[in-house]
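Each remark here refers to the structure printed beneath this line.
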Amino acid sequence: MEKFTTLQSKAIPLAIENIDTDQIIPARFLKATDRNGFGDNVFRDWRFNEDNSKNEDFTLNNPKYSGSILVAGDNFGCGSSREHAAWALSDYGFKVIVSSFFADIFKGNALNNGLLPVQVSPEFLKVLLAEITEKPEIKLEVNLEHQTISVVDTSFKDAFEIDPYKKTCLINGYDDIDYLLSKKTEIEAFEAKNLTK
Amino acid sequence: MKKTLFDKVWDAHVVDSIENGPQVLYIDKHLIHEVTSPQAFNELEKRRIPIFRPNQIVATADHNTPTENQHLPIKDENSRKQLEQLSNNCKKNNITLYELGHEYNGIVHVMAPELGITQPGMTIVCGDSHTSTHGAFGTIAFGIGTSQVAQVFASQCLLLKKPKSLRVSVNGKLKKGVLPKDVILYIIAKLGTNAGTGYFCEYAGDVFENMSMEGRMTVCNMSIEMGARGGMIAPDQTTFDYVKGKTFAPIGNDFDKKVNYWKTLPTDQGATFDKEYFFDAEDIEPMVTYGTNPGMGIKVSENIPELNDASFEKSLEYMDFKKGESLVNKPINFVFIGSCTNSRIEDFRVAANYIKGKQKADNVTAWLVPGSKQVEAQIIKEGLKTIFDAAGFKLRQPGCSACLAMNDDKIPQGEYCVSTSNRNFEGRQGQGARTILASPLVAAATAVEGKIIDITKQLN
Ligand code: SF4
């Protein structure tokens, strides 16, 4: 997994609430057996019209906006547990998703793939969305070490929470498998004690 | 200390704890299917890590399978490849697979309980959010992402923070025509789609105590739709009777010993929950959803609420409904009875009981998709298929089907579908499809009438 410390980038606003994983990556694209290429179909049915032409009204197609931070409405990532949603967002180039609330499984999936979910207060989210919609050229800074997100060159700043264990994993670029494998002895002892009962 | 059902099962599976961090939780059973497992197998292969406990894994093919002509080679190349890869991965790693056509094949959350793989007091995971279904047995069961599938492959464990506890109690007597599906749609409509986030939910009260195992599974299945990681119902005599005699259930002395343990699992009197909700059974009526998340539900007899909220309005626009409108008499051209929420034998009995002696409306395309080969066989054995045939319905072969429309079972653009599945998200049942979630009874009535009716009026 790639290491994550700080990121400065422009951001893309997506002021829609309850964005579910079916919207992020529709089921018909889940037939692949590897992790790559899902970015082409992220938000597929919002990005493209029925005839496969680009939907110019959709924020990702708006040349005004760019960057590796997506700022989305409340309750992001609800619905299916498909990790393809996190892969698709990463593969498209996002490194951070900002929202005022994340669904459980999505949050875990994102963290397991080095995609940082930054949960801010509803008030701060409103400010952020307004700022980046009006001034697409402004940059945001996400500092994982200090757990802060700010609008560069302004006083807008908010703190975010992250599980300390997950924070260490992201900063060092290692994952849960490494940790679990180091616990083999304990796991086998647990099995010996409990499974034979 | 007084413990909840969830505490008891969780605590019995903790291998180790990281200070201020997650715990290492042991997983008893790992269920896998074709869509969320290939990348996990690849990951392990790449890192040269062997599968730690292949005999605690059971695989099925369900999400991506056709529901017609299952004996023929699969036409769609990508689907075929995905299924082939599952077979290869299972063979290579000595994992039991109930592939397409096998007598035990079916939707993962239908086949595991009916085979007795699911038992009280276990921890069960699967790369599928509706794994919460298995909680009906007093099991900690929840959906995981593919990275976690790889973790369980590697270590039979997961790193997790213990969720908070929530209890939803429903007491009283359910009205005629109110099914378990209505109970859970009602709860979600009342609590919203993220009331349960960060929580594991226990369902308590006499409504659940009096419910069949099939009904309890329908309820626990949709826990995820209110944001909860999982739902649980205390194991009782109904549970023990259901498990007894199932293919992989313990037998004889072993079974009795297990039952003695299972009897210790229910929540202790006086144990506290982080959050509690109470509802009266008498307030619940047959439900339908009108929007694009499962929390947007109303009683069939009610009108769509009138809210001024951008997300709400966007949702109604997608559904082509108006504020304050009633859904009764809306013409409906598609009906789907299936999915891991409502594709068990009891659901088809309800449908057949209503349909018997009636005819499917001409405008309606109805898909009846059993949850497993065993359910399919039972439908035929009980003569339900004859009823469906006579009424102009066609029984298809098992699989997830139009629940997520990964195969050919897609609802066309702009069409409404009254569906017994669990998600009414935009495009869930096909691009531009409009889903109305309901019970198998409401779905069957819609198929016969060709429109939504107020079923309560007909029943009384
Ligand atoms: S029936 Fe639907 S919800 Fe259930 S496992 Fe299949 S796709 Fe998921």
Side-chain angles (χ1 to χ4, degrees), chain A residues 1 15-18 20-23 26-35 44-46 50 73-75 78-87 101-106 108-113 163-166 168 175-181 183-184 186-187 189-191 194-195 197, chain B residues 12-13 15-16 18 20-22 24 26 35-36 38-39 42-43 47 49 52 63-64 76 78-79 81-82 85 127-129 131 143-148 150-151 154-159 161 163 193-194 197-198 224 227 229 292-293 310-311 314 404-406 413 423 425-428 431-432:
Chain A
M1 209 167 69
I16 297 174
E17 290 177 9
N18 302 314
D20 57 74
T21 51
D22 275 82
Q23 299 317 317
R28 60 186 190 281
F29 300 114
L30 305 187
K31 293 179 185 176
T33 52
D34 59 35
R35 284 180 193 229
R44 178 77 202 192
D45 295 340
W46 287 344
E50 269 162 64
D74 194 54
N75 196 23
C78 53
S80 146
S81 64
R82 61 187 70 159
E83 195 160 316
H84 312 67
W87 300 338
F101 194 88
F102 290 94
D104 260 1
I105 304 185
F106 175 81
N109 287 341
L111 287 167
N112 281 334
N113 286 280
D163 180 285
Y165 165 80
K166 276 290 165 199
T168 324
D175 67 14
D176 289 357
I177 294 192
D178 300 322
Y179 182 85
L180 287 167
L181 287 176
K183 289 280 156 188
K184 269 278 161 68
E186 285 86 345
I187 296 170
F190 175 90
E191 287 181 325
N194 292 281
L195 299 191
K197 259 202 290 201
Chain B
H13 288 85
V15 174
D16 202 5
I18 303 179
N20 292 322
V24 179
Y26 192 80
V35 178
T36 55
Q39 290 89 349
N42 293 349
E43 177 81 15
R47 292 162 75 162
I49 303 168
F52 185 53
H63 280 64
N64 203 354
D76 182 277
N78 290 329
S79 302
K81 276 198 189 141
Q82 205 171 45
Q85 189 145 347
D128 184 285
S129 54
T131 309
I144 57 177
T146 300
S147 294
Q148 292 174 305
Q151 291 161 29
S155 67
Q156 204 58 36
C157 287
L158 280 173
L159 273 171
K161 249 200 154 132
T193 48
N194 61 35
T197 305
I224 185 83
R229 210 55 196 288
T292 55
N293 75 56
S311 289
K314 179 175 171 287
L404 88 167
M406 250 188 105
Q413 176 90 25
R423 287 187 172 143
F425 299 152
E426 281 184 30
R428 171 82 178 181
Q431 245 174 305

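Chain A is the first sequence line, chain B the second, and so forth, proteins listed ahead of strands; every chain is numbered from 1. Just so you know, these numbers use all the heavy atoms, side chains as well, and skip hydrogens, waters and symmetry mates.
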>> With rounding to the nearest 0.5 angstrom, report the CD to OG distance, A:Glu186 to B:Ser155.
In response: 12.0 Å
> Got a salt bridge between B:Asp76 and A:Lys31, using NZ or NE/NH1/NH2 to carboxylate O under 4.0 Å?
Replying inline: yes
> At a heavy-atom separation under 4.5 Å, does A:Asp176 approach chain B through its side chain, its backbone, both, or neither?
Replying inline: both
> So which part of A:Phe106 gets closer than 4.5 Å to some heavy atom of chain B, the side chain, the backbone, both or neither?
Replying inline: neither
> chain A heavy atoms under 4.5 Å from B:Ala12: which part of the residue, side chain, backbone, both or neither?
Replying inline: backbone
> Run the salt bridge (charged side-chain N to carboxylate O under 4.0 Å, His left out) check on B:Lys314 and A:Glu17 step by step: do they pass?
Replying inline: CA-CA 10 Å; B:Lys314 179 175 171 287; A:Glu17 290 177 9; over 6 Å; no
>> At a 4.5 Å cut-off on heavy atoms, which part of A:Asp20 comes close to chain B: side chain, backbone, both, or neither?
In response: side chain
>> What part of A:Asn109 gets within 4.5 angstrom of chain B, counting heavy atoms only: side chain, backbone, both, or neither?
In response: side chain
>> Can you confirm whether the side chains of A:Trp87 and B:Gln39 place a donor and an acceptor under 3.5 Å from each other?
In response: no
>> Among A:Ala15, A:Gly79, A:Ala86, which residue has the highest count of heavy-atom pairs closer than 4.5 Å to chain B?
In response: A:Gly79
> Is there a donor-acceptor pair closer than 3.5 Å between any side-chain N or O of B:Gln82 and the backbone N or O of A:Leu30?
Replying inline: yes
> Pick from B:Pro163, B:Gly227, B:Gly198: which one has the most heavy-atom pairs with chain A under 4.5 Å?
Replying inline: B:Gly198
> Can you check whether B:Leu404's main-chain N or O pairs, donor with acceptor, with A:Asp22's side chain at less than 3.5 Å?
Replying inline: no
>> Using a strict threshold of under 4.0 Å (side-chain N to carboxylate O), is an ion pair present between A:Asp104 and B:Lys161?
In response: no
> To the nearest 0.5 Å, how far apart are OG in A:Ser81 and CD1 in B:Ile144?
Replying inline: 8.0 Å
> With no hydrogens and no angle check, is any side-chain donor or acceptor of A:Glu83 less than 3.5 Å from a backbone partner on B:Ser147?
Replying inline: yes
> Does the side chain of A:Tyr179 reach to within under 4.5 Å of the side chain of B:Val24, using non-hydrogen atoms?
Replying inline: yes
> Where on B:Arg428 is there a heavy atom nearer than 4.5 Å to chain A: the side chain, the backbone, both, or neither?
Replying inline: both
>> Strictly distance-based, threshold 3.5 Å: is any side-chain N or O of A:Gln23 a donor or acceptor partner for the main-chain N or O of B:Glu426?
In response: yes
> Using a cut-off of under 4.5 Å for heavy-atom pairs, which of B:His63, B:Gln156, B:His13 has the most such pairs with chain A?
Replying inline: B:His13
> What option among A:Ala32, A:Ala85, A:Ala189, A:Pro26 has the most heavy-atom pairs under 4.5 Å with chain B?
Replying inline: A:Ala32
> Relative to chain A, which of B:Gln148, B:Gln85, B:Arg47 shows the most heavy atom pairs under 4.5 Å?
Replying inline: B:Arg47
>> Looking only at heavy atoms and a cut-off of under 4.5 Å, which of B:Ala154, B:Ala405, B:Gly21, B:Gly127 has the most pairs with chain A?
In response: B:Ala154
>> Quick check for you: among B:Lys81, B:Gln431, B:Glu43, which has the greatest number of heavy-atom pairs under 4.5 Å with chain A?
In response: B:Gln431
